[in-house]
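Report on the following structure.
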Amino acid sequence: MGLRQPPGTIGLRGVTLGYDRHPAVHHLDGEICGGDLLALVGPNGAGKSTLLKGIIGEIGCLDGSIERAEPAGAIAYLPQAAEIDRSFPLSVLDLAAMGLWRRFGSWRSLRRNRSELFEALHAVGLNGFEDRSIGTLSGGQFQRALFARLILQDASVILLDEPFSGVDGRTTQDLLALIRSWHRQGRTIVAALHDLAQVAEHFPITLLLAREPVAWGPTAAVLTPSNLGRAQSLSEAWDEDAPVCAREDGHGSRAPTGSGHSHDHAHGAHDHGHSHGRPV
């Protein structure tokens, strides 16, 4: 067994993730350090959501490994709003209470912790919304309720997939303030985002993906015109139907990945000599 990782650390070791053996992210090496406030950016279809789902164990690695200091089930995860069925008959209080499930494990026990529930709803500005059906909420109100659920999960690692998409500016600022408070508490936060000005202002570390890592490190050094242009070019050149390709082993030679085949071509235009930000 490997050494125990520091709290909140996530190690990415030659990670390739995908569906039906077609990679969506490949050859990703690096380490998300405990306490990082990391933005995950890239063109549409760059693999950002896939990487988050790989970290929580929703999809397995086609190659490489993901090392987590905490079990995958102990990581708090906010999917994109479009993936959540808002027609389900839940009240705001019940939705928030789902954040207590890992600690208490029964619905009756969840509702007993009403003071904790009310505190979480107060923290996101939803006082008086406890009995409202989630189907009646605006986009911003619904996202606030989901953040209340995250508060109650009390996790040391929080993954957010487009948390500000479709919400109003006031809600965005309030949720950013909550994220900053989590960061001050030493939690590890990874957020997939598309607003680069927002990233530059609030996130000190950035991973730029275009199915493969383009740059990873201090945000100002990552969000350069050169890196952004390269990310767009790689995304446009990506072959959706390509199989898992080979990666270099520790001796500089080409080693086959989990597909059992060694391919000399890369997906898109992968440059194995390229250096990216926070390597191990």
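- More than 12 non-hydrogen atoms from other residues, nucleotides or ligands lie less than 6.0 angstrom from CG of Asn127.
- Across all their heavy atoms, Lys48 and Leu193 have their closest contact at CE-O, 4.3 Å.
- Contact of the Arg180 side chain with the Gln185 side chain is not registered, since no non-hydrogen atoms from C-beta on lie closer than 4.5 Å.
- Using a cut-off of 4.0 Å between Lys/Arg side-chain N and Asp/Glu carboxylate O, Asp29 and Arg13 are scored as not salt-bridged.
- Between the CD atom of Glu201 and the CG atom of Leu176 there is a distance of 8.0 Å, given to the nearest 0.5 Å.
- A donor-acceptor contact shorter than 3.5 Å links the side chain of Thr172 to the backbone of Asp168.
- A donor-acceptor pair is defined here as one N or O able to donate and one able to accept, closer than 3.5 Å; no such pair exists between the side chain of Arg230 and the backbone of Pro225.
- Lys53 and Tyr19 make their closest contact through CD-OH, 4.4 Å (heavy atoms, listed as atom of the first residue, atom of the second, distance).
- Within the 3.5 Å criterion, the main-chain N or O of Glu162 finds no donor-acceptor partner in the side chain of Ser165.
- Of all the heavy atoms in Gly8 and Thr188, the pair that sits closest is O-OG1, 3.0 Å.
- By the 4.0 Å N-to-carboxylate-O rule, Glu119 lies too far from Arg114 to be salt-bridged with it.
- Annotation: side chain of Leu126 is in contact with side chain of Arg144 (closest heavy-atom distance under 4.5 Å).
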Set out, in order, the CA-CA distance, both residues' side-chain angles and the distance that settles side-chain contact (heavy atoms from CB on, under 4.5 Å) for Asp161 and Tyr77, then state yes or no.
CA-CA 8 Å; Asp161 196 352; Tyr77 169 59; 4.2 Å; yes
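- Taking 4.5 Å as the limit, some side-chain heavy atom of Ile179 sits within range of a side-chain heavy atom of Leu37.
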Run Ser49 and Gln80 through side-chain contact (heavy atoms from CB on, under 4.5 Å) and show every step you take.
CA-CA 9 Å; Ser49 296; Gln80 291 186 22; 3.0 Å; yes
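- Residues Leu146 and Ile84 meet the side-chain proximity criterion, which asks for heavy atoms closer than 4.5 Å.
- Between Ile158 and Trp182 there is a side-chain heavy-atom pair separated by less than 4.5 Å.
- Under the 4.5 Å side-chain criterion, counting only non-hydrogen atoms from C-beta, Thr16 is not in contact with Val25.
- For the pair Ala220 and Thr224, the tightest heavy-atom approach, listed with the atom from each and the gap, is O-CG2, 3.8 Å.
- Rounding to the nearest 0.5 Å gives a distance of 10.5 Å between CD of Gln143 and OG of Ser138.
- To the nearest 0.5 Å, atoms OG (Ser235) and CZ (Arg211) are separated by 6.5 Å.
- Contact check on Asp154 versus Arg187 returns a salt bridge, with a Lys/Arg side-chain nitrogen under 4.0 Å from an Asp/Glu carboxylate oxygen.
- In terms of heavy-atom proximity, Ala76 sits nearest to Leu150 at CB-CD2, 3.8 Å.
- Atom CZ in Phe203 sits 10.0 Å away from atom NE2 in His183 (nearest 0.5 Å).
- No side-chain donor-acceptor contact under 3.5 Å links His26 to the backbone of Leu17.
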What verdict does the side-chain contact (heavy atoms from CB on, under 4.5 Å) test give for Leu28 and Glu212, after you've listed the backbone C-alpha separation in whole Å, the side-chain angles of each residue and the deciding distance to 0.1 Å?
CA-CA 6 Å; Leu28 180 55; Glu212 64 183 63; over 6 Å; no
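- Of all non-hydrogen atoms in Leu207 and Leu38, the two that sit nearest each other are N-CD1, 3.6 Å.
- Within the 4.5 Å cutoff, the side chain of Phe164 has no heavy atoms near those of the Asp195 side chain.
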Show your working on side-chain contact (heavy atoms from CB on, under 4.5 Å) between Ile55 and Leu51 and close with a plain yes or no.
CA-CA 6 Å; Ile55 291 173; Leu51 178 56; 4.3 Å; yes
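- A donor-acceptor pair shorter than 3.5 Å can be found between the side chains of Ser91 and Asp94.
- Proximity of a side-chain donor or acceptor of Thr219 to a complementary backbone N or O of Pro204 within less than 3.5 Å is detected.
- In this structure a side-chain-to-backbone donor-acceptor pair under 3.5 Å is present from Ser233 to Gly229.
- Atoms CH2 and CG, on Trp101 and Leu152 in that order, are 14.0 Å from each other to the nearest 0.5 Å.
- Remark: the backbone N or O of Leu178 is paired with a side-chain donor or acceptor of Ser181 at under 3.5 angstrom.
- Side-chain contact between Leu175 and Pro163: absent, with no pair of heavy atoms (C-beta onward) separated by less than 4.5 Å.
- Taken to the nearest 0.5 Å, the CG atom of Leu117 stands 11.0 Å off from the CD1 atom of Ile151.
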